[in-house]
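Structure record follows, encoded as structure tokens.
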Amino acid sequence: MLLAGLADSLDRSTTALASPALLQESELGDVLGALDGVAARTHALLVAVAREGLARGLHQEAGFSDVDWVRLVCPGLASRTAIEIAMVARAAQQRVHALWGTPSRTRPCRCTAPPRSCGHSRGSGPRSGERVCRGD
């Protein structure tokens, strides 16, 4: 249902913009800007859906690398775009940072007060990542 609605909406938009000669000069820039926004959101959605597909192992089930799988399911993408989408989707699966407010594994907070009640501050200590108590 979602896919059919998306396709219908795109078809109507494409039909409405099929004759740019009918647009007034002031509308051309607005339409280009709007289309640029649509392209950016489309790429973000491509990354999100590709990330989910990679997380589910669909590329492995099909016997493809992540980049080749994106190329397979999105044949209209330029090779460079498919590579970028696969790379960002793969990177989005990695946990590279601790959640904000969690103590550092290598340098835990030395404060014994409950978190935030003493004004804990992450990364403001003499060493990067160290939590410093600003309380008493």
Margin query: Testing the basics here: between Gln93 and Ala55, what is the closest heavy-atom pair and its distance to 0.1 Å?
Written below: NE2-N, 2.9 Å
Notebook entry, point to check: Taking all atoms of both residues into account, what is the closest heavy-atom pair of Arg41 and Ala34, and its distance?
Noted result: NH2-O, 4.4 Å
Notebook entry, point to check: Taking all non-hydrogen atoms of both residues, which atom of Leu54 and which atom of Arg90 are closest, and how far apart?
Noted result: CD1-N, 4.2 Å
Item checked: Nearest heavy-atom neighbours spanning Ala62 and Trp69 -> CB-CD1, 4.5 Å
Notebook entry, point to check: Going hydrophobic residue to hydrophobic residue with side-chain gaps under 4.5 angstrom, can you get from Leu58 over to Leu72?
Noted result: yes
Margin query: Looking at every heavy atom in both Glu61 and Arg56, which two are closest together, and how far apart are they?
Written below: OE2-O, 4.1 Å
Next item on the list: Over all heavy atoms of both residues, which pair between His59 and Asp66 is shortest? Give the atoms and the distance, please.
Entry: CD2-N, 3.7 Å
Margin query: According to a hydrophobic-cluster definition based on side-chain heavy atoms being under 4.5 Å apart (Ile, Leu, Val, Met, Phe, Trp, Tyr only), do Ile85 and Met87 belong together?
Written below: no
Next item on the list: Report the C-alpha separation of Val38 and Thr42 in whole Å, then their side-chain angles, then the decisive distance to 0.1 Å, and conclude whether the side chain to side chain contact (heavy atoms under 4.5 Å, CB included) test is met.
Entry: CA-CA 6 Å; Val38 169; Thr42 300; 3.9 Å; yes
Note to self: Using the rule side chain to side chain contact (heavy atoms under 4.5 Å, CB included), only one of Val70, Leu77, Val73 pairs with Leu46; which is it?
What the structure shows: Leu77
Item checked: Short side-chain to backbone donor-acceptor contact, Arg51 and Val47, under 3.5 Å -> no
